[in-house]
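Below is one structure; the comments refer to it alone.
In the text below, chain A, chain B and the rest are named by the order of the sequence lines, each starting its count at 1.
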Amino acid sequence: MKLVIAIIQPDKLEEVHHALVDEEILRITVSRCTGHGQAEDPDLYRGQEVKPSLLAKVRIEIAVNDDYVERAVSAIINGAKHNGGEIGDGKIFILPLEDCVRIRTGEHGGSAI
Amino acid sequence: MKLVIAIIQPDKLEEVHHALVDEEILRITVSRCTGHGQAEDPDLYRGQEVKPSLLAKVRIEIAVNDDYVERAVSAIINGAKHNGGEIGDGKIFILPLEDCVRIRTGEHGGSAI
Amino acid sequence: MKLVIAIIQPDKLEEVHHALVDEEILRITVSRCTGHGQAEDPDLYRGQEVKPSLLAKVRIEIAVNDDYVERAVSAIINGAKHNGGEIGDGKIFILPLEDCVRIRTGEHGGSAI
Amino acid sequence: MEMKRIVPALGLGLLLMSPATALGQDGAEAAAQIDTGTTAWMLVSTTLVLLMVPGLAMFYGGLVRTKNVLGTMMHSFAAMAIIGVIWAICGYAMCFGGSVGGWIGWDWDFVLLRGLDSGPGAYFGDDIVIPHLVFAMFQGKFAIITPALIAGAFAERVRFRGYCVFIALWSLLIYNPLCHWIWGGGFLTGEAIDFAGGTVIHISAGMAGLVCALYLGARRGYPKTAMHPNNLVMTMMGAGLLWVGWFGFNAGSSVSSGLQTAQALTVTQIAAATGALTWIIIEALHLKKATSLGLMSGILAGLVAITPAAGDVPPSGAIVLGVVGSLFCYGAVVLKGKLGYDDTLDVFGIHGIAGIVGAIGLTFLLRDGAGAEFATQLWYQVKGVGVSIIYAGVVTLILVVLVDKTVGLRLNDKDQMAGMDHALHGEHGFGLLNLN
Amino acid sequence: MEMKRIVPALGLGLLLMSPATALGQDGAEAAAQIDTGTTAWMLVSTTLVLLMVPGLAMFYGGLVRTKNVLGTMMHSFAAMAIIGVIWAICGYAMCFGGSVGGWIGWDWDFVLLRGLDSGPGAYFGDDIVIPHLVFAMFQGKFAIITPALIAGAFAERVRFRGYCVFIALWSLLIYNPLCHWIWGGGFLTGEAIDFAGGTVIHISAGMAGLVCALYLGARRGYPKTAMHPNNLVMTMMGAGLLWVGWFGFNAGSSVSSGLQTAQALTVTQIAAATGALTWIIIEALHLKKATSLGLMSGILAGLVAITPAAGDVPPSGAIVLGVVGSLFCYGAVVLKGKLGYDDTLDVFGIHGIAGIVGAIGLTFLLRDGAGAEFATQLWYQVKGVGVSIIYAGVVTLILVVLVDKTVGLRLNDKDQMAGMDHALHGEHGFGLLNLN
Amino acid sequence: MEMKRIVPALGLGLLLMSPATALGQDGAEAAAQIDTGTTAWMLVSTTLVLLMVPGLAMFYGGLVRTKNVLGTMMHSFAAMAIIGVIWAICGYAMCFGGSVGGWIGWDWDFVLLRGLDSGPGAYFGDDIVIPHLVFAMFQGKFAIITPALIAGAFAERVRFRGYCVFIALWSLLIYNPLCHWIWGGGFLTGEAIDFAGGTVIHISAGMAGLVCALYLGARRGYPKTAMHPNNLVMTMMGAGLLWVGWFGFNAGSSVSSGLQTAQALTVTQIAAATGALTWIIIEALHLKKATSLGLMSGILAGLVAITPAAGDVPPSGAIVLGVVGSLFCYGAVVLKGKLGYDDTLDVFGIHGIAGIVGAIGLTFLLRDGAGAEFATQLWYQVKGVGVSIIYAGVVTLILVVLVDKTVGLRLNDKDQMAGMDHALHGEHGFGLLNLN
Ligand SMILES: Nc1ncnc2c1ncn2[C@@H]1O[C@H](COP(=O)(O)OP(=O)(O)O)[C@@H](O)[C@H]1O
Ligand SMILES: Nc1ncnc2c1ncn2[C@@H]1O[C@H](COP(=O)(O)OP(=O)(O)O)[C@@H](O)[C@H]1O
Ligand SMILES: Nc1ncnc2c1ncn2[C@@H]1O[C@H](COP(=O)(O)OP(=O)(O)O)[C@@H](O)[C@H]1O
C-alpha cells in the first residue's frame, strides 16, 4: 500500500477529483495548504504587485493499494496540468504505507483502503 | 517509530483526544481537512438538499514508538465510532517513521517522540 | 528521498523559511494545524485564562533528497527555536519517500524534488 | 413614491423651481419654507437605502463560493460608483425631467443636478417642502440598487468589465424609462400603485436577472457540482442591514414624516417578520429543519412583496403579503431547482416573484379609499407588471447579447475555475485562510 | 420611555384616537398636527433599535464555537420574526392598551394595530404629536430585542423549535405584563424611573437568562473543555452596531427631538466610553493585558447601566454609572467563573448586573428636580428591580420547565457535539473553511 | 461645520446659554424654541459619524495580517473609549469654549458639559436652534475618529498602552487646538473654508500618520516580506459603512436640515462615486485589472477630497474633486512604494493627500458667492493647510518621541512576529481557523 500525496493548484481540484473517480479511486482526503516553489502569482495592492512567498495550494492524500498507484498518479497528472504543463502545477509524493484501518469496522490492510 | 494518521469526523475530535490521553498519548497534531468516501451529509439550501462532494473531516497525526501503535489505533477507533460504527467514521493510516527530532533540544529518535 | 515534516510555532514560519532558503531548500509546502504537546498558551476571556487544548501550529512539509535531510533539519531547528529552545518549539518527523513526480513534466525521482 | 402624490408634487416642484432659479440665490427665504423634519427623514432614508448596497454586497457575497466573494461584492460596489455618477449627470433628468411624450423625461436644467443645487425645493402633496436635491438623491439610491440586484442572477460567471458596461446601459435604457413611466410623469403614472418599487425595481430586476441567467447559461459545473455558500454568517449580517435599510426604502417613499411614513414603516416591519416566519414554518414542514438562509429568504420575500404596497395596505394586509410572498417564492425557488436553469442567487425567484405577488396582491388588500375602483385598479396593476416584465425582459435580452458579443460578459471556464477574485481582480477575499 | 411622561401621553393619545377614528380619513388635518421632526427622530430610533438585533446576532454569534455560529445568530433573527408578528397581533395591545386593573393592558382596537393605522397620532408630553404607529413600532423593537438577549445565557445548547416556543411565551407572559406595569399604565407606572428599559428589559432578560442557564445546565464539556470564540472580529463589529443602535434605544425613549433627547444621547455616549475605559483599565491591572472582549464588555456594561437613567442623570452621573457598571460586571463575570454555572455569554453578569446598578444607582445621581424625594425614589427603584427579578425569575422557571418537558429545549449531547448549525439547521456558517 | 456660520452661531449660542442657565429649568419654553427637524438630523448625523468608527475598524482591520486584526480594530475602539471620556471632560471646552487669545478655547461651564445639560440650546445661522448638547456630541465624534485615522499609519507595530497615551495627548495637544483655531473661534476661524474637516481632520491625521510612520520605522520585514490583507471582505463592509457614515459627517456639518444639508449630502455622494470610478479606471489602464481595494481607496479619496468643500461646491465640483482626489492619491500611494517608507494603510497617501487636494482645490470650484475673493480665499486655504501640516507634523513628532521613550510605543520584533492580538491582548481574532 502507498500513500500518495499530491500538491496541486486550487483551481484544478475539481478536475483531479473527476479524473480520480474515473479511475475508480473514490476515497480521498483534501486540505488547504500553501506552497513555495518556482511559481509566482502576484496579488495587486494599491497599484503595486505583491508577491506572496506562499501561494495557495491544495493537498490531496490518497491511500491506495500498490496496483492503483500508477493509475492514481496519472489521473492526478492529467487533471492537474494547466495547458499541458505550467510552472506551479505541483508535485506528487509517494510514501510507503504500512497499514490502513477502517474505523467503522476495524478491518485492516488492503481491503480497508 | 510510526506516524499514525487518522481521518475522523469533526464531532469526534474531543472524544478521540480524550481516548488518546487515557492511553498516555499526549502529543498530537490536528488539522482541518475535507474528505470524500462513502458518506453523504447533505446541507440544505433554499428548499433543496445539496450534497457536498467533500465533507469536513479532521486529520490527526501522531508520531509514536512502535509499542504504542496498537494503543493509539484502538484509542482512535474507540473514540471515533458513532453508535458502534457508521459510514464516514474514517480511516487510520500507519506510515513508517524513520526519525523524529525535538526542536527544543535537538534530540533524535524514540525519546524525542 | 525523505519527506521531512516539521511542526513549528506560527511566529517562526518566516525565520524557518529564510533558514531553508539559505540552505537552498526552495520548495516547501505549509499548512495550518493545531497541536497538543507540553506547551500551554492561555487566551484571556472576560477576566479568566482559558487554556486551549489545541494550540495553533504550522506544519511544513519538505521533500528532499537524502543528502539534504540534515541540512533541512538543522535549518528548521535554527529557525524555529525561541531563545535557544522553549517548550512548544515543535518537532520534526522524517519519513521515507519512495518517489516524487513533477506534475508539469511527469519526471520522476530525485530530480523532480 | 406613491404615484398619486408624485405627479402634482413634481409638477409643483418644477413650477417652484423656475421662479426660485429666477429669483437667484435667495437662500434664506427658500430655507424658511423647507420642512426640516421631513427633510431630516428623507436624508435618513437616503442614507438607509445607501446602506442597503453594502448590505446587498454582504448578502450576495456570502452566498457564493470563496473564490468569488470579492467579485460578487464588487458588483454591488461598482453600481454605487457607476450609477452614482450617471445619475448625477443625466439619470435624474431622464427619470424626473419633464415628460417627452410620456416616454422619457428630460430637463437640461437637471443635468449635473444644476437646477436643483439652488432654489427653494420641491413641493410634495400636503404642502410638504423638501430640498429638491434630497429627492434626487433618494431616488438615486434606488437607481443604484436595482442593477446591483440583477447581479445575483449571474453571480460567479461574468467579467467585471462587461458587467460595468451592462449595468450602465441597463440603467440608461431600462431603469430610467421605467422609472419615468411609472413614477416620473410617464404614460403609466397615476395608474398602477407602486409605492416603493415593485414594478420599477424588483420585477424589472428579477426579469432582467432571469433573462441574463438564461442567456449566459449556467455556471461551469452547475448543477452537478455542489456549490456552497462561503459565508452564511456574512449573509445574515447583510440580511440584517437590508431589513434596516428597507425602512428607508419604503418609509422614505412616502416623502413625508408623518402618518403615511409610519404606515409604510409598520407594514414593512410586519411583512418582513411574517415572511421570515412563514418560510421557516414551510421548511420545518417540508424539510424538518428551519435554515438560516430560509429565514433570510423569507425576510426578503416579505420585504419585496410589501414594497409596492407599503403606503396603501393596513397591517393585516402586510401579514397576508408576507405569508403569500414567502409561499410563492419558496415554490419558485424549488421549481427552479427542478427546471435546472441557473439563477444563481434567485433574483427572479425572490425579487421577481415577490414583486409580482405584491404588485397584484395589493389590489385585494387596499386600505379603504386607496386606489381606484377594484377592477380598474387590478387592471392597472396587471398592466404595470406586464409592462415591466416585457420591457425589462426584451431590452435586457438585447443588451446582454450586445455586451456579451462586444465587450464580453460571460466569464470563460478557466477564469471561473480560478475564481473571479483572482482572475479578474488580482485579489483574495479571505487572506486569513492562508498563512500570512 | 420615561414613565412620568408616558402616562398622560398615552392617555391623551387614546383620547385623541377616538375622535380621529370617528372623523374618518381626515388625513390632511391629522398630518398637519404631527411634528415632523420628532416623528423623523422616532422613525430613526425605531430603525436604530432594529439595527441592534443583527448587531446582537453578530456580538453573540462571534463568541460561540464555530459549529454554533448560525444557530446562535438565528436566535436573534428568530426573535425579529416571531416577536415581530406577535407584537403586531396582540403585543402592543397587551402592553399599551387600557389597563385591566393595573395588571395587563388590552384594547381590541390595538389588535393588529387597526386603531392606530389611521387617526391623528398620539400626544406626548409638551404637545408633541407623532403618529401612534411610530410609537408602537419603536416599542415593538424593544419587545424583539429582550428575548433575543436572553438567548446568550443558554447559547450552544438549545433546540431551535423549543427556543421559538419559549420566546413566544416569554414575550406574552413576561415581557408584555412587565412592560405594561412599568411603562404602559400598570400598577408600577409613575414610580420607578426606567427611562429606556433597565428593569423592563435588561434585568428581566438577565434574570431569565440566569434561571434558564441554571435549569438547563452547562454545555457538554463545560467548564473543562476550553471553548473559544469563533470570531471576535465579528463580535467587535456587533459591539459597534450595538453602540450605534443604543442611541436610538435611549435617545428615542424620550419620544421627542429636543433637549431631553440630546441629554439621553449624551449620557449614553459617555457611559459607553467610560464603561469601556474602566473595563480595560481593570484588565490591565488584573491581567496585565487589555482585551478586545473586555473593551466590548465594558461598552455593554456602560450602556446597560445608563439605560434606565438616560433621561435623568447629567453627564457626570453617566461617568459614575459607566465606572460602577463595569466594576460590578467585571466582578460578576469573574465570580461566575468561580461559581461554575454556565451563563454562556454572561447575560446575567452583564445585562442583569448592570441593569440593577443603573436602576438603583441612578437615584444617587439624578439631575436636580428629577424623580421624587430621595428615599421614596430609592424605594421605588428597589421595588421596580425586585418586581422584575422576582416576576421574570419565577415565571421564566415555569416556562423553561414547561417547554423543556413538552417541546424539548435542551439540546442532546450528540447534537451539541455535531454543532447546532449542522444538527438543527443543516448548514455551515463558514463554508470558506472547507474547499469549495 | 462651515466656519462662516459657526462664529456667529456659537457666539449666539453662548449668549443664549447664560440667560437660559439663569432662568433655570424652564425646559418647556426652551423646548419650544428648538427646531425638532434640525435636531433630528443632527442626532442622526452624530449617530452616523459614530458608525464610522466601527466602519474604520473594519476597514483597517481587514487590511492587516491575520495576527493583528483585533489589535488594529482595538485602535479604533480605544479611541471611542478614551476620546469619548476626554471630550466630555474637557475636549469640548478646549475646542468650543470662549477663545483665549485665539489659541485655545476654555469655558469652565463646558467642563463635563455641565452648562450644556440644561438651557435652551444654541442658535446656528438662520435662526436654527438645536440643543447645545447635540452639537457637542456631533463634534465629539469628529474628535474620536481623527486619532483613530492616524492608527492606520503605524498599524501592526505599536504597543497598546503607548497608543492609548499617544492618542489622548494627541487629542489634547493637537486636535483640540486645531479644531479651536479653525472652527471654534480661534485665529483662523472665518478664513479657510473647511466645511467638515479637511484641515482639522484629514490633513492633520495624515500628517501625524506620516510623522509616526517615519519615526517608528517600518514593520519588521517590510517591504521584503509580502503582507497580505487578512480580510478584504471585511474591508469592503467597512468601506460601505464609511460611505454611509460620511453622509452624517458632511451633511451634518451644515448644522441644518435644509438646502445646505442636501447640497452637502449630494456632493458627498457624487465625489465618492466619482472617486471610486476614477480609481478603478486608473487601475484598469495601469494594471489591466480593477481591484476591490482600488475601488474602496477611490471611495475614500473622493470622500476625503469633498470633505472640506462639501458645503460650497456644486455637483460638478464634486465630480472634479472626485477625479483629482483619486488621481493624486493613486500617485501618492504608488510613490510611497517607491520611496519605501511604511505608512501601513496609507493614511498620508489617502487622507493627507486628498485632504490637501480638497482644501486647495475647492477654491477653484466654489459655488457663486461662496467664499472670499479668489486670491484671498486661495491664500486662506493654503494658510489653513500649511498650519495644519506644520502644527500637526511638529507636535506629533514631539509626542511620538516622548511616548516612545517613556511608555513605549514601538512594538518589539518578537511581539510583532507573534502578532498584536496574542502578544498584546491575549486573544485571537479568528478562532474559527483553529478547531474548536
Ligand atoms: N520538494 C518539495 N517539498 C515540498 N513541497 C514541494 C516540493 N516541491 C514542490 N512542492 C509543492 O508544489 C508546489 C508547486 O511547485 P512548483 O515548484 O511551483 O512547481 P514545478 O515543480 O512544476 O515548477 C509548491 O508550491 C509546493 O507547495
Ligand atoms: N483510501 C483513502 N485515501 C484517503 N482518504 C481516505 C481513504 N479512505 C477514506 N478516507 C478518508 O476517510 C473519510 C471517511 O471515509 P468513508 O469511506 O466515508 O468511511 P468508511 O470507510 O467508514 O465507509 C473520507 O471522507 C476520507 O477523508
Ligand atoms: N508525538 C507527536 N506526534 C504528533 N505531533 C507531535 C508529537 N510531538 C509533538 N508534536 C507536535 O509538536 C508540537 C510541539 O510539541 P511540544 O511537546 O509542545 O514541544 P516540546 O516537545 O518541545 O516540548 C505539539 O503541539 C504537536 O503539534
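Residue D:Thr36 forms a side-chain hydrogen bond (donor to acceptor under 3.5 Å, both in side chains) with just one option from F:Asp35, F:Thr39, F:Thr261, and that option is F:Asp35. Here the options are D:Met74, D:Met73, D:His425, the test is side-chain contact (heavy atoms from CB on, under 4.5 Å), and the partner is F:Leu295; only D:Met74 passes.
Taken to the nearest 0.5 Å, the NE2 atom of D:His428 stands 14.0 Å off from the CG atom of F:Asn230. F:Phe247 CZ to D:Leu48 CG: the interatomic distance, rounded to the nearest 0.5 Å, is 11.0 Å. Taking CG of D:Leu70 as the start and CG of F:Leu293 as the end, the distance is 10.0 Å to the nearest 0.5 Å. Here the CG-SG distance, from F:Leu277 to D:Cys164, works out to 8.0 Å after rounding to the nearest 0.5 Å. Interatomic distance, CD of F:Gln263 versus CG of D:Leu116, reported as 10.5 Å (0.5 Å rounding). Note that CH2 of D:Trp87 and CD of F:Gln269 are 11.0 Å apart. Values are rounded to the nearest 0.5 Å.
For D:Met80, the parts sitting under 4.5 Å from any heavy atom of chain F are the backbone and the side chain alike. For F:Val233, the parts sitting under 4.5 Å from any heavy atom of chain D are the backbone and the side chain alike. For chain F, the nearby part of D:Met237 is the side chain; its heavy atoms alone come within less than 4.5 Å. With a 4.5 Å cut-off on non-hydrogen atoms, D:Phe160 touches chain F through its side chain but not through its backbone. Heavy atoms of D:Ala423 lying under 4.5 Å from chain F belong exclusively to its backbone. The parts of F:Ala290 that come within reach of chain D are both its backbone and its side chain, each placing non-hydrogen atoms under 4.5 angstrom from that chain.
The main-chain N or O of F:Ser292 is found under 3.5 Å from a side-chain atom of D:Glu427 such that the two form a donor-acceptor pair.
Heavy-atom pairs under 4.5 Å with chain F peak, among D:Pro54, D:Gly37, D:Ala81, D:Gly140, at D:Ala81. Chosen from D:Leu433, D:Leu424, D:Ile82, D:Ile83, the residue pairing most often with chain F at heavy-atom distances under 4.5 Å is D:Leu424. Contact tally against chain D (heavy-atom pairs below 4.5 Å) for F:Ile270, F:Leu265, F:Leu241, F:Val44: the top residue is F:Leu265. Taking chain F as the reference chain and counting heavy-atom pairs below 4.5 Å, the highest number among D:Val134, D:Val69, D:Leu43, D:Leu112 is found for D:Leu43. Options F:Gly429, F:Gly258, F:Ala276 differ in how many heavy-atom pairs under 4.5 Å they form with chain D, and the most are formed by F:Gly258.
Residue D:Ile34 comes nearest to F:Ser257 through the heavy atom pair CG2-O, 4.0 Å, listed as atom of the first residue, atom of the second, then distance.
Counted within 6.0 Å of CZ on D:Arg114, heavy atoms from surrounding residues, nucleotides or ligands total more than 12; the atom is thus considered enclosed.
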